[in-house]
Amino acid sequence: MSEIAILAPMPTISRALGAALDPERRAVRFGPSEAPEERNARIRRNDPAPGMVIRLQPDAPSAAVVAEAKRVLPQLERAMMPPPSGSQTGAALRMLEKLNASVASPVGPDTLRMRACFLAEAGADLPAAAWDQAVDRKLLRAFKFMPSVAEIVEILEAEIQPLRDKIARVRLVSQFERIAADRTERPDPAEIERRKVALAELQSAAEAQANEDREIRDFGMWMPAGAEGKAGLELAGILRSHLATLDGPKLRITLERIEALERNAAILAQLATFEATENRA
């Protein structure tokens, strides 16, 4: 396996910091619970959640936890940036070599290298965290047969949002300031204004993320009449034919879906052409 396939590892987070990052650690639920399928169906109906969840004020993080958050935050933020140019191919080859040795349908070395090139191209805009070695284990557990490039990219993309949420929580912990117990004086006007600005920025970011999540939930799986059961370029064509009737977030998200469908179809077509050429040879 190529040595250049090993990217900078993700930072290790201690158990104490991990506990401080858990958004559910101080939540108390009253009333009936619901299964994931019931929750998804309720959200589609826009019904209120059953029962009630009370979120208690979390314990203040210790000085050691705050120091650790400040130390790992730059590493986590770098993990959200694209890796150095060319390293995606090495990481893709590393992943595919492991998969090829574990699936029931291994491919030849030439096909493996070509798939690695296509995987690196399809995931060129993914952050470095998506190529971390920890993702290899998820791929090994996910597939019994050699998957398509598009299927692998879906798993790599699934790594992004959880890391983005973790970074936001680490940033909050790193910004925590402990006030001495005997300190009773009122902050000066400049400090009050700084806190107001910081709070407004956090609220604005949270609202923007909530709006984006809501738009994706509302429009990310929208299917016009006649598109049921369609996929790939056929689905992209049907969605494109309805663009004139869309506007706002629905139009933006539908355009992103069309681009993703057409990009994946082009990659699969290239791979099929290569495999057909190899078979004739």
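Heavy-atom basis, side chains included; hydrogens, waters and symmetry copies ignored.
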Of all heavy-atom pairs between Pro106 and Asn100, which one has the smallest distance, and what is that distance?
CA-OD1, 3.0 Å
Lys/Arg-Asp/Glu bridge criterion (N-O < 4.0 Å) met for Asp247, Lys250
no
Side-chain donor-acceptor distances from residues 115-128 under 3.5 Å, at least two apart:
| from | atom 1 | to | atom 2 | distance (Å) |
| --- | --- | --- | --- | --- |
| Arg115 | NH1 | Pro147 | O | 3.2 |
| Arg115 | NH2 | Glu275 | OE2 | 2.8 |

Roughly how far apart are Leu93 CG and Met95 CE, rounded to 0.5 Å?
11.0 Å
Gln175 vs Lys70, side-chain contact (heavy atoms from CB on, under 4.5 Å): CA-CA, chis, key distance, verdict
CA-CA 8 Å; Gln175 294 171 349; Lys70 291 180 178 179; over 6 Å; no
Decide, yes or no, whether a salt bridge links Arg252 with Glu256 under the criterion of side-chain N to carboxylate O below 4.0 Å.
yes
Within a strict 4.5 Å, meaning less than it, do heavy atoms of the Arg164 and Ile160 side chains meet?
yes
hydrophobic_cluster_shared for Ile155 and Leu140, side chain cutoff 4.5 Å:
yes
Looking only at heavy atoms, what is the nearest atom pair of Glu151 and Ser148, with distance?
OE1-N, 2.8 Å
Any salt bridge (charged side-chain N to carboxylate O under 4.0 Å, His left out) involving residues 75-85? Give me the pairs, sequence neighbours left out, ordered by first then second residue.
Glu77-Arg171
Could you go through the salt bridge (Lys or Arg N to Asp or Glu O under 4.0 Å) check for Glu191 and Arg195 one step at a time?
CA-CA 6 Å; Glu191 175 62 16; Arg195 295 181 185 181; 2.8 Å; yes
Nearest heavy-atom pair of Leu76 and Leu163: which atoms, and what distance?
CD2-CD1, 4.0 Å
With a 3.5 Å cut-off and sequence neighbours excluded, list the donor-acceptor pairs that the side chains of residues 233-242 form with protein atoms.
| from | atom 1 | to | atom 2 | distance (Å) |
| --- | --- | --- | --- | --- |
| Glu234 | OE2 | Lys230 | NZ | 3.1 |
| Arg240 | NH2 | Glu262 | OE1 | 3.3 |
| Arg240 | NH2 | Glu262 | OE2 | 3.0 |
| Ser241 | OG | Ile238 | O | 2.6 |
| His242 | ND1 | Ile238 | O | 2.9 |

Could you pull out the closest heavy-atom pair between Asp132 and Arg94, with the gap in Å?
O-NH2, 3.6 Å
Whether the side chain of Ser102 engages the backbone of Lys98 through a donor-acceptor N/O pair (distance < 3.5 Å, no angle test) should be reported.
yes
Side chain to side chain, Leu139 and Leu96, heavy atoms closer than 4.5 Å
no
If you look at every heavy atom in Val103 and Phe143, which pair is closest and at what distance?
CG1-O, 4.1 Å
